[in-house]
S.K.: 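Handing you this structure, nothing more for now.
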2 protein chains.
Amino acid sequence: MTLDEEIARLSALANPHRFRIIALLAAESLHVSELARRLGMSRALLYMHLQRLESAGYVTGHLELSDDGKALKFFEVVPFEVTTNVARIVAAVAADTESTH
Amino acid sequence: MTLDEEIARLSALANPHRFRIIALLAAESLHVSELARRLGMSRALLYMHLQRLESAGYVTGHLELSDDGKALKFFEVVPFEVTTNVARIVAAVAADTESTH
DNA sequence: TACACGTGTAAAGTATTTCTTACAGGTAAA
DNA sequence: TTTACCTGTAAGAAATACTTTACACGTGTA
């Protein structure tokens, strides 16, 4: 795990909307429009947050066809455990310094 | 731990400069000017990052008088272990929803 | 006195992230 | 055809985060 990746992991989580998205998806898989309604936010905004979460690997989305033929994009959480401590940070910085130097 | 605190903890770490600050201080306690020299950054900027880290509890600073009578502000890391996972996020969001609703 | 070193902060500029508004396009049912 | 759903993105506004520059002030040494 590089320094950049480590930071991307942390910053992808550091947002209240994204916390709520994860909390909702933890209970059940939902499609984008439904999720937007429950969170009371615009779809456009939700998309941005979902992409940030998906890039970091915290959620994953896939298209699904509903009974009445609509394409729904469902998202679900990918179980994760993010741990950061002094040793990890030292290692990430050291690795980065060597690769860059 | 509230939702806001949880997010503050994560975002305080989510920065390459702050990673490097922690990595340096992990090896030895340093005063601000010396730290700035080693990192190659301005003192003013370093101050901002140190304050962010100190507010979140990752480092702590104290004034110390050098042999030649100068007041030096030394910083050191406060050992920590930050863990985030789905369950923690669900709990933080639930607590927040109840206190706010 | 002037110089070299230190702490601390305020203000202004830049960059990044977050948010809104406005589109284009698709399927199914009334 | 109109209505009611859905996906997806682009462009600009607003809010935050980050960075620089410029100060004020203090101690010890040349």
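Throughout, protein chains are lettered first and strands after them, A, B, ... in sequence-line order, and every chain is numbered starting at 1.
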S.K.: Establish, from distance only, whether the side-chain atoms of B/Asp68 and B/Ser66 form a donor-acceptor pair under 3.5 Å.
M.R.: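 Yes, side-chain donor-acceptor contact under 3.5 Å.
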S.K.: For A/Asn15 and D/dA15, what is the distance between atoms CG and P respectively, to the nearest whole Å?
M.R.: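 Those two atoms, CG and P, are 16 Å apart.
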S.K.: Give the angle between the helix axes at the two ends of the helix from C/dT1-D/dA30 to C/dA30-D/dT1, taking five base pairs at each end and rounding to 10°.
M.R.: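 Overall, the helix from C/dT1-D/dA30 to C/dA30-D/dT1 bends by 20° from one end axis to the other.
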S.K.: What is the distance from CG of A/Leu63 to P of D/dT7, rounded to the nearest Å?
M.R.: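 Going from A/Leu63 (CG) to D/dT7 (P), I get 8 Å.
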S.K.: Check whether any side-chain nitrogen or oxygen of B/Lys73 sits under 4.0 Å from OP1 or OP2 of C/dG8, and answer yes or no.
M.R.: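 Yes, within the criterion.
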S.K.: Let me know the distance between CG of A/Asp68 and P of D/dT7, rounded to the nearest Å.
M.R.: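 Distance, rounded to whole Å: 12 Å.
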S.K.: How long is the line joining CD of A/Glu64 and P of D/dT7, in whole Å?
M.R.: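 Nearest whole value for this atom pair: 11 Å.
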S.K.: Ignoring backbone atoms, test whether B/His17 places a side-chain nitrogen or oxygen under 4.0 Å from the OP1 or OP2 oxygen of D/dT19.
M.R.: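 Affirmative; the distance criterion is met.
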S.K.: Over how many whole Å does the gap from A/Leu13 atom CG to C/dT17 atom P extend?
M.R.: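 Distance, rounded to whole Å: 15 Å.
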S.K.: Please list residues of residues 32-50 of chain B whose heavy atoms come under 4.0 Å from any atom in DNA chain C, ordered by number; otherwise none.
M.R.: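 Per residue number, the list reads B/Val32, B/Ser33, B/Arg37, B/Arg43, B/Ala44, B/Tyr47.
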S.K.: Within this structure, what is the CG-to-P distance between A/Leu10 and D/dA17, rounded to whole angstrom?
M.R.: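 The answer, rounded to whole Å, is 16 Å.
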S.K.: Classify the nucleic acid contact of A/Lys70 as base, sugar-phosphate or nothing, counting any heavy atom under 4.0 Å across all strands shown.
M.R.: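 Contact class for A/Lys70: base.
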S.K.: Measure the shortest side-chain to side-chain distance between B/Thr60 and B/Phe74 over non-hydrogen atoms and say whether it is less than 4.5 angstrom.
M.R.: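 B/Thr60 vs B/Phe74: side chains apart.
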S.K.: Let me know, please, whether A/Gly69 or A/Arg18 comes out on the 5' side of the other along DNA chain C by nearest nucleotide.
M.R.: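 That would be A/Arg18.
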S.K.: Write down the distance between CG (A/Leu65) and P (C/dT27), rounded to a whole number of angstrom.
M.R.: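 So the CG-P distance, A/Leu65 to C/dT27, works out to 10 Å.
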S.K.: Under 4.0 Å between a side-chain N or O of A/Gln51 and OP1 or OP2 of D/dG8?
M.R.: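 Looking at the OP1 and OP2 atoms of D/dG8, neither is under 4.0 Å from any side-chain N or O of A/Gln51.
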